[in-house]
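Because the structure is predicted, anything quoted here is derived from the model rather than measured. Side chains included, hydrogens not; waters and symmetry mates left out as well; all remaining heavy atoms used.
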Amino acid sequence: MGSAQAMAPALHVLQQQGSEVVAFVNGATLRPQDHPDVSQEELPEAPASQIFRAAGLDTRTIQGDSDLRSMIASEKPDLVLVGISAPDYGSEKMALKAAIELGIPVAFIVETWPHRWLEVYEQRDIPLYRQAGLGLLWDQFSCDHMKSQGFDSTLFVATGNPSQDAFAALKNDRAKHRAAMRDRFRIPEDAVLIQYSTALSLDDPEEDKPGHREWSGFSEADSVREYLTAMRDVASENAPYKVRGVIRQKPSFSGVRVQEMIREICPAVIYDNSRETGNALLLASDIVVGSMTLMIQNAAMLGVPGAFYLPDLCTPDPMISNRLGFTIPMYARGDLGQLIRDAAYRPDHLKEFTRKVRPIDLPLDATGNVVTAIRNFLDR
């Protein structure tokens, strides 16, 4: 699905420019045993199909490897474009193998940093993907990493991810969004705004306890409590520098428990789960912190320093951006409260904190970049 989202905008443009584009998904991965209440004919459509069709593309469903090979052989395309996938039976790898065997040029697109993919599937995927003729990668950092893994650097173009074009462009309007959000929530321009973005709704206590399948060694409710207590304390102490707080939750979360905690501990902290404010509120913040939520990584992509607060983590850190230096990991209980106190009492803290993270330089107009890279490749 991620590959389809990354491909669809550029494929749509190529089609508008006169290219014939055929998209396909592997229907064989939709197994009847996973849908016992429906017949083979009524199996749900693969999510990627919906993405391709929404882009106006001729979308077909193949049933396994032999069907795929027959389709590619009959279509005789000038280029086969694939993504990456975890399963061995993923249609991306099937198509890549088939195209190589049939002597058809292949390009692949990676919708995010490739580090974790290559670490886990190095022996399986690197020999295969090295045979492609063009790699469309997220940024120059990704290109450099692929080169370090033995790939030919001339194969790669740092295009960005077309599905994120609108998101990446937000960074250029940070001042506008910052002013609008601070005016909306009555946050002084000179205040350091520290946003906490939750991963859990916290309305169900059982999802935040040992024994739950997503338990990682710490209670997020305790983290929210630590955040609110520190905000209350620096306000009551009349700290020399203004610090303001906002807790952000997904629009699908009711926020009952979190809002109760805000009322009980620090009513001055703002609560928000509006559908239209998410990215703008990131841009209005000076630091965004939370546990296992992609909002922290999103903040970093928008140029706002993000920190993952994972006290007493009992599993390997799943956030690849921490290891790559794009976000800051905090693993000790109390680090979040100390972050808030430092912002309130140390004048250079925000600058110091920002210097700890590696800036993310996402290419703009990824859709145009992918289209150009494919056309240049075909014109060689």
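- Criterion: ILVMFWY side-chain heavy atoms under 4.5 Å apart, direct or through other members. Under it, Val357 and Tyr331 are not part of a common hydrophobic cluster.
- Proximity of Lys93 to Arg124: side-chain heavy atoms (C-beta onward) are separated by under 4.5 Å at one or more points.
- Counting all heavy atoms, side chain and backbone alike, Val370 lies closest to Ala10 at CG1-CB, 3.5 Å.
- Between the side chain of Arg53 and the backbone N or O of Thr59 there is at least one donor-acceptor pair closer than 3.5 Å.
- Between Ala366 and Gly160, the shortest heavy-atom contact is CB-C, 3.4 Å.
- The shortest side-chain heavy-atom distance between Arg341 and Val243 does not fall under the 4.5 Å cut-off.
- The nearest pair of heavy atoms linking Leu128 to Lys97 is CD1-CG, 3.6 Å.
- Counting only distance, with no hydrogens or angles, the side chain of Asn369 and the backbone of Leu364 share a donor-acceptor pair below 3.5 Å.
- You'll find the ring centres of Tyr309 and Tyr196 outside the 6.0 Å limit.
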>> If you apply the rule ring-ring contact (aromatic ring centres under 6.0 Å, His included), what do you find for His12 with Phe52, and how did you get there?
In response: CA-CA 9 Å; His12 174 72; Phe52 287 139; over 10 Å; no

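- Under 3.5 Å, the side chains of Ser201 and Arg257 contain no donor-acceptor pair of N or O atoms.
- With salt bridges taken as basic N to acidic carboxylate O contacts below 4.0 Å, none links Glu264 and Arg232.
- The minimum heavy-atom distance between Asp152 and Thr154, with the atom names listed, is OD1-OG1, 2.8 Å.
- Comment: Asp65 engages Arg69 in a salt bridge, judged by a side-chain N to carboxylate O separation of less than 4.0 angstrom.
- Under a 4.5 Å side-chain heavy-atom cut-off, the cluster of Ile, Leu, Val, Met, Phe, Trp and Tyr residues that includes Ile270 is completed by Met181, Phe185, Ile187, Leu193, Val246, Leu281.
- The minimum heavy-atom distance linking Met94 with Gly64 is given by the pair CE-C, 3.3 Å.
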> Which is it for Ser219 and Arg225 under the side chain to side chain donor-acceptor pair (under 3.5 Å) test, yes or no, and what are the steps along the way?
Replying inline: CA-CA 10 Å; Ser219 161; Arg225 192 172 293 107; 5.7 Å; no

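- Panel note: side chain Gln15, backbone Gly56; a donor-acceptor pair is recorded below 3.5 Å.
- Linking Ile, Leu, Val, Met, Phe, Trp and Tyr residues whenever their side-chain heavy atoms come within less than 4.5 Å leaves Ile247 and Phe253 in two separate clusters.
- Using a cutoff of 4.0 Å between basic side-chain nitrogens and carboxylate oxygens, Glu75 and Arg60 are scored as salt-bridged.
- By the 4.5 Å heavy-atom criterion applied to side chains, Leu136 and Leu81 are counted as neighbours.
- Judged purely by distance below 3.5 Å, without hydrogens or angles, the side chains of Gln259 and Ser254 never pair a donor atom with an acceptor atom.
- Asn322 has its side chain within reach of Leu310: a pair of non-hydrogen atoms, C-beta onward, lies under 4.5 Å apart.
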>> For Glu189 and Lys242: C-alpha separation, side-chain torsions, deciding distance, then whether salt bridge (charged side-chain N to carboxylate O under 4.0 Å, His left out) applies.
In response: CA-CA 10 Å; Glu189 175 57 34; Lys242 298 176 187 174; over 6 Å; no

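- No path of Ile, Leu, Val, Met, Phe, Trp and Tyr side chains, each step under 4.5 Å between heavy atoms, connects Trp113 with Val120, placing them in separate hydrophobic clusters.
- Criterion: ILVMFWY side-chain heavy atoms under 4.5 Å apart, direct or through other members. Under it, Leu57 and Val13 are part of a common hydrophobic cluster.
- With side-chain heavy atoms closer than 4.5 Å counting as contact, directly or through intermediates, the hydrophobic cluster containing Met1 also holds Ile51.
- Heavy atoms only, all atoms of each residue included: Phe326 and Arg358 are closest at CE2-CD, 3.1 Å.
- For Glu276 and Arg184, the salt-bridge test passes: some basic side-chain N is under 4.0 Å from an acidic carboxylate O.
- Taking the six-membered ring for Trp and the full ring otherwise, His349 and Phe353 have centroids separated by under 6.0 Å.
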> After noting the C-alpha distance and the side-chain angles of Asp348 and Arg346, does the key distance pass the salt bridge (charged side-chain N to carboxylate O under 4.0 Å, His left out) rule?
Replying inline: CA-CA 6 Å; Asp348 295 327; Arg346 291 174 47 201; over 6 Å; no

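- Using a 4.5 Å cut-off on side-chain heavy atoms (C-beta onward), Leu96 and Tyr129 make contact.
- Each of Arg244, Arg178, Gln195, Arg248 was compared with Ser285 under the side chain to side chain donor-acceptor pair (under 3.5 Å) criterion, and only Gln195 meets it.
- Look at Asp286 and Arg182 and you find a salt bridge, because one of the NZ, NE, NH1 or NH2 atoms lies within 4.0 Å of a carboxylate O, short of that distance.
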>> Under the criterion side chain to side chain donor-acceptor pair (under 3.5 Å), I'd like the reasoning laid out for Ser163 against Asn161: C-alpha separation, chi angles, the key distance, then a yes or no.
In response: CA-CA 5 Å; Ser163 71; Asn161 183 339; 2.8 Å; yes

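- Donor-acceptor pairing under 3.5 Å is recorded for the side chains of Asp139 and Ser142.
- Donor-acceptor pairing under 3.5 Å is recorded for the side chains of Gln164 and Trp138.
- Here Phe156 and His145 keep their ring centres 6.0 angstrom or further from each other.
- When side chains are defined from C-beta on, Val258 counts as touching Gln249, because their heavy atoms get closer than 4.5 Å.
- Aromatic pair Tyr241/Tyr345: ring centres not closer than 6.0 Å.
- Ion pairing of Arg323 with Glu119 is present here, as a side-chain N (NZ or NE/NH1/NH2) and a carboxylate O approach within less than 4.0 Å.
- Within the model, atoms CG of Asn172 and NE2 of His177 stand 10.0 Å from one another, a figure rounded to the nearest 0.5 Å.
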